[in-house]
Amino acid sequence: MDGFGWDIILQSLPKLLEGLWVTAQLVLVSGLFGLLLALPLGIARSSPRPWVRALPFGYIFFFRGTPLLVQLFLIYYGLAQFEAIRQGPLWYLLREPYVCALLTFSLHTAAYIAEILRGALQAVPPGEVEAARAIGMGRWLTLRRVLLPRAAQIGLPAYGNEVILMVKGSALASTITLLDLTGMARTLIAGNYRAVEMFLAAGVLYLIFNWVLQRLFRLAERAMNRHLREPPRLVQQPVPRVPSGLDPPL
Amino acid sequence: MPDFQGFENQLLAGTWMTLRLAFATLPLGIALGLMGAAARLSRLKVLRGLGTAYVEVFRGLPELLVVLTIYFGASVVLMGLAKRLFDYDGYIELSPFIAGTLALALTFGAYATEVFRGAFQAIPKGQAEAALALGMSRGQVFRRVTLPQTWRLALPGLGNLFLIMMKDTALVSVIGLEELMRKTQFAVGQTKEPFTFYLSAALIYLTLTVVAMALLHLMERRANRGLLPRRAG
Amino acid sequence: DPLRIGTEGAYPPFNEVNENGELIGFDIDIAKALCAEMAVECTFVKQDWDGIIPGLLAKKYDAIIASMSITEEREKTVDFTERYYTNKLQFIGPKGADLTITAEGMAGKTIGAQRATVSAKWAEENMPGVDIKLYDTQENAYLDLEAGRLDAIIADQLVNYEWLNSEAGADFEFKGEPVFENDLIGIAVREGEDELRENLNAAIKAIVEDGTYAEINQRYFPFSIY
Amino acid sequence: MTGRDANGGAPMLSARDIRKRFGEVEVLKGVSVDAHPGDVITILGASGSGKSTFLRCLNFLETPTGGSVMLHGEPIVTRPDGEGNHQPRDRRQLRRLRARVGFVFQQFNLWPHMTVLGNVAEGPRQVLKTSRAEAEARALALLEKVGLAERANFYPAHLSGGQQQRAAIARTLAMDPELILFDEPTSALDPELVGEVLEVIRGLAREGRTMLIVTHEMGFAREVATRTMFLHEGLVEEDGDPEALFTQPESERLRQFLRRHLS
Amino acid sequence: MTGRDANGGAPMLSARDIRKRFGEVEVLKGVSVDAHPGDVITILGASGSGKSTFLRCLNFLETPTGGSVMLHGEPIVTRPDGEGNHQPRDRRQLRRLRARVGFVFQQFNLWPHMTVLGNVAEGPRQVLKTSRAEAEARALALLEKVGLAERANFYPAHLSGGQQQRAAIARTLAMDPELILFDEPTSALDPELVGEVLEVIRGLAREGRTMLIVTHEMGFAREVATRTMFLHEGLVEEDGDPEALFTQPESERLRQFLRRHLS
Ligand SMILES: Nc1ncnc2c1ncn2[C@@H]1O[C@H](COP(=O)(O)OP(=O)(O)OP(=O)(O)O)[C@@H](O)[C@H]1O
Ligand SMILES: Nc1ncnc2c1ncn2[C@@H]1O[C@H](COP(=O)(O)OP(=O)(O)OP(=O)(O)O)[C@@H](O)[C@H]1O
Ligand SMILES: [Mg+2]
Ligand SMILES: [Mg+2]
């Protein structure tokens with residue numbers, strides 16, 4: 001090929017940014033749903049009772065053990081094979097590739113987040129839980145006041161990683177007709193045949209997006225650890241403040 | 001047993017390719033990871049910068065893009081170089097297998113860099129000090145004290161990465177490597193039964209995962225020999 | 001050196017992969033006939049469709065025989081031989097569905113096409129404002145038509161013909177007249193490789209003349225597609 | 001039993017024949033105790049003799065494998081689970097017990113994501129449903145009492161060991177427990193910090209608080225106690241008036257133990 | 001200085017005016033010591049007074065910011081790095097120094113991936129290039145001496161603290177060092193394990209080994225030493241005959257220190 005096509009990159013930039021916006025939506029929305037789904041899964045997964053653990057274990061095993069691409073195809077092309085689903089009430093949602101991608105990504109990331117949450121819950125020193133039990137807190141109260149806030153803090157860095165991994169996984173959305181950043185790049189290549197330039201440009205956009213996300217997570221972490229850096233101040237008059245922060249992972 | 005309509009051999013061949021890819025990537029990725037960790041812990045600022053850049057770029061880029069860029073980019077670049085340097089005009093092939101392995105290894109290596117770095121740093125400083133205090137050289141300390149323990153500490157992290165990478169081999173199907181996922185797509189194309197075949201692929205991946213996890217467990221047990229507290233009695 | 005031929009493998013009946021992992025189809029048969037005619041050894045390289053021209057340019061193979069339409073745009077990047085068959089683009093849709101094949105008539109509908117094909121380009125140019133979904137393979141587009149996610153597919157008439165005749169396509173039919181009549185299918189080679197191109201041209205001419213072409217044609221279609 | 005038992009009235013907390021087995025090993029082989037209002041009972045014993053386990057069984061942080069616990073004559077209802085443990089049956093009754101019996105851990109176990117004030121006010125707010133303002137006011141008063149008012153807004157990570165242990169005691173006191181169980185409240189501390197904590201406990205004893213204290217500080221155990229128990233291999237080996245016990249131990253084991261610990 | 005200095009002959013190890021600054025804080029403000037063959041010097045001092053730092057500076061595990069170290073009159077050549085530390089210039093000279101001066105760490109620092117025998121034989125094999133058979137035979141003899149021969153094939157994780165510390169001592173002895181530096185060799189141990197380790201060190205003293213020992217065990221410090229130093233805030237506050245130092249401390253600070261530690 002003759003020379004590097006800076007002009008082509010420039011021309012394609014608006015389209016690529018459009019794709020980036022789709023990628024961002026997919027990641028942020030599925031990140032949120034995944035988190036919501038992961039909460040009960042992770043809590044059940046760390047239960048001492050085997051029969052409570054079994055279901056989330058199976059779920060996590062399946063979604064972590066198979067490629068995201070397979071999951072995406074199973075849900076997008078696979079479900080559509082069943083007459084019952086095509087006639088069913090949810091079809092108007094499931095027929096949309098956007099919804100299928102969101103659904104798959106949410107289910108997928110939920111499995112990973114649930115595992116992170118389990119690890120974080122188990123990393124909370126048992127003494128802190130016993131202290132809550134010893135003053136008469138019940139199961140839910142302990143979970144709400146001690147376990148979850150501590151686990152959130154402990155698991156935050158790993159959760160940040162998972163979101164980044166999801167940004168990358170979302171590139172597969174292009175295989176079910178969505179024009180996310182990768183899909184857009186591939187479509188553009190179909191017109192201009194400049195594979196190297198387009199992939200490079202898309203790559204840089206991914207890097208920037210990931211970098212911004214990582215920054216945000218670092219800020220969140222700093223906010224959570226604020227109390228460990230700020231020099232504590234002695235109380236001048238008895239005006240108590242609310243506890244505002246969490247502690248670092250151990 | 002579902003009806004594979006004659007495609008069972010194809011699925012097996014795909015599984016075999018998946019395994020070949022995974023095991024070709026592994027040593028390369030581990031080597032890259034060790035070099036990356038050495039660079040990031042180096043006393044030279046340049047090396048540290050390089051190591052950090054490597055990790056950030058290859059952890060930040062989607063694997064799919066890495067695969068495609070290497071596949072399409074490498075040949076162009078290599079041929080351009082060959083022409084300029086040696087006036088060689090022939091075709092330089094980067095086979096899909098090599099391109100795929102390279103792409104997977106580069107990504108694996110970036111993550112492994114962090115795993116190894118963590119492992120190096122997790123070894124109590126006192127152990128190196130004890131070796132220095134006996135008069136060992138830095139090289140001896142690394143070879144005799146640090147490295148043997150890195151392996152043990154890095155194993156769980158590397159195992160996770162391996163499981164992830166094994167699934168990522170599905171991505172190299174875009175460059176025409178006929179691993180399990182690609183074969184599945186062929187079968188779906190001919191039989192028009194996506195559910196049967198994608199689900200079968202999922203089960204094959206799960207089986208591979210279980211086997212890998214079992215092997216990993218054995219390896220961890222071996223690596224921790226002597227380090228676990230004794231069983232009572 | 002053997003001649004390396006790039007093809008896709010997901011475009012029945014022209015090129016596809018059977019349960020033994022072998023490439024089969026019209027394109028493949030033609031390619032083999034051409035190689036026999038030129039008395040060269042041939043190997044096939046399978047390649048995803050949207051990377052098929054970059055693959056040629058990166059010298060991963062020397063010629064593309066993959067039902068590729070000769071277009072002005074592609075000619076800027078690669079050289080084509082004479083046609084080895086002629087195609088038309090035609091819509092298909094569910095039996096009984098009332099489709100008017102104009103931009104207005106298709107407004108609010110969803111149509112599918114394979115990414116990086118003449119069909120995709122035609123749809124984008126002639127169906128402004130219509131939702132066009134692009135697929136990696138033609139197969140996936142058909143799956144989505146079956147699933148009901150698509151109202152229509154625009155694709156090569158001959159490919160559609162074969163699919164409509166299959167079990168999966170039983171509930172679907174052609175919609176309207178062919179929208180593009182003169183879709184010439186050629187073999188792509190890198191620019192400047194004139195010798196190869198001329199050899200291929202001569203071989204195409206030869207197999208058409210000696211009846212080999214007609215025989216292959218007969219295996220796939222009951223009418224001539226040259 | 002000892003003279004204290006004779007001081008009439010039902011005991012506040014009464015544990016009968018507590019047993020605890022971990023797998024093969026029976027760690028407690030039937031230990032009983034009665035705590036009357038105002039009692040300060042110190043528990044001695046070698047490492048591994050079951051002191052912590054006993055204390056933890058009293059408020060079911062450990063589920064005993066036998067025996068019963070009564071609070072003001074009301075037995076805590078239990079039912080055996082599959083593994084032979086006696087799980088408390090009524091969660092609400094258990095929570096009530098725990099709200100009335102305080103526990104101070106050897107390792108403090110403060111919640112690191114809350115300030116000291118938050119730690120102390122948490123129990124009253126969440127368990128006793130006291131209003132926030134009231135809970136915090138009381139918490140401040142308690143912190144004042146243990147000498148930590150100044151540090152109310154510190155997070156545990158910024159406190160010294162002795163300060164953390166005092167905060168943990170304040171957290172327990174905030175529930176206004178009838179009985180406080182102390183599990184080696186000073187053994188995680190520097191010698192220099194031990195003093196501060198013992199001083200706080202001495203203060204509580206002077207106020208007439210009822211306490212059970214596991215400790216290795218012999219001098220303190222003798223000085224503060226109204227009664228002392230010596231545990232040996234899961235059984236009460238000797239039990240009685242601290243003066244008598246320390247000066248004229250009856251059992252050979254206690255004599256040995258005291259020799260080793262007083263030297 | 002003390003009487004010992006007068007016993008003629010050049011000191012085996014001589015450190016002059018060692019200084020160490022960590023950022024803002026000067027931890028050592030000029031500490032000197034001369035160790036002659038057969039000396040057993042115990043070093044006392046409050047926590048944070050710089051005892052460990054001093055010992056670590058002697059074999060450059062910490063690079064001093066000032067002063068000099070000589071082995072048999074041969075100075076270790078240093079050159080200042082950017083941060084004001086005196087880095088040893090000649091790595092081979094440094095390795096020679098380290099091979100001749102042993103160091104026993106408070107935290108043992110055994111290598112967990114080698115057996116006890118492997119730990120002890122490692123130094124001779126790697127540094128002295130002794131053959132494996134010979135190194136292991138000698139290692140076994142040393143393990144015998146510290147009472148660990150039976151456990152030669154155990155991994156460190158399977159030993160008690162006292163056994164680990166004895167293995168660490170054997171590892172140091174395997175290099176046949178002229179001088180051994182002990183940094184609180186018992187403070188990471190249970191009271192019950194302290195005895196075994198002190199007994200081993202006592203044995204070494206009886207053999208006439210030269211040693212510098214930082215310790216908090218006052219009785220031991222007094223009994224075993226031929227000389228005692230008291231560090232305070234980075235300076236030698238008092239230095240001399242152990243009997244005199246313990247019974248008639250001159251400085252007010254040492255008196256205070258002894259009062260606190262002997263009670
Ligand atoms: N969860 C457990 N599983 C098995 N054994 C246990 C468990 N908890 C305690 N033990 C064993 O029970 C015995 C008594 O333990 P406990 O902690 O009650 O001793 P202790 O008297 O408090 O000793 P210390 O003074 O060292 O704290 C010990 O031998 C211990 O190993
Ligand atoms: N790497 C370091 N960076 C900064 N300060 C340090 C460092 N190492 C030691 N210090 C400081 O130097 C001082 C002396 O430390 P050192 O470990 O020598 O004390 P020590 O006398 O051995 O005390 P201990 O008896 O507690 O072991 C301490 O105040 C310590 O905080
Ligand atoms: Mg205990
Ligand atoms: Mg020290």
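Just so you know, these numbers use all the heavy atoms, side chains as well, and skip hydrogens, waters and symmetry mates. A note on names: the letters A, B, ... follow the listed sequences, proteins ahead of strands, and every chain is numbered from 1.
Contact detail for B:Ala133 and E:Phe103: the closest heavy-atom pair is CB-CB, 3.9 Å. Nearest heavy-atom pair, B:Ser137 versus E:Arg95, reported as atom, atom and distance to 0.1 Å: CB-NH1, 3.4 Å. Nearest heavy-atom pair, B:Leu134 versus E:Gly123, reported as atom, atom and distance to 0.1 Å: CD1-CA, 3.9 Å.
Only the backbone of E:Val101 has a heavy atom closer than 4.5 Å to any heavy atom of chain B. Within the 4.5 angstrom heavy-atom criterion, no atom of E:Leu181 approaches chain B. Interface remark: B:Gln140 contributes side-chain atoms only to the contact with chain E (heavy atom separation under 4.5 Å). Contacts between E:Arg56 and chain B at a heavy-atom distance below 4.5 Å involve the side chain alone, from C-beta outward.
Contact of the E:Pro112 side chain with the B:Gln127 side chain is registered, since non-hydrogen atoms from C-beta on lie closer than 4.5 Å. Between E:Arg91 and B:Arg138 the shortest side-chain heavy-atom distance falls below 4.5 Å. Put simply, the side chain of E:Arg98 reaches to within 4.5 Å of the side chain of B:Leu132, judged on heavy atoms.
Annotation for B:Lys45: atom NZ does not count as buried by contact number, only 12 or fewer foreign heavy atoms lying within 6.0 Å. Within 6.0 Å of CD on E:Glu150 lie no more than 12 heavy atoms contributed by other residues, nucleotides or ligands. Within 6.0 Å of the NE2 atom in B:His217, the count of heavy atoms belonging to other residues, nucleotides or ligands does not exceed 12. Open room surrounds CD on E:Glu144; 12 or fewer heavy atoms of other groups in view lie less than 6.0 Å from it.
Rounding to the nearest 0.5 Å gives a distance of 4.0 Å between CZ of B:Arg144 and CD of E:Glu122. In this structure, OG1 on B:Thr146 lies 10.5 Å from CH2 on E:Trp111, to the nearest 0.5 angstrom.
When each of E:Met175, E:Gln126, E:Arg92, E:Arg171 is checked for heavy-atom pairs under 4.5 Å with chain B, E:Gln126 comes out on top. Counting heavy-atom pairs under 4.5 Å between each of B:Pro124, B:Ala128, B:Ala131 and chain E puts B:Ala131 at the top.
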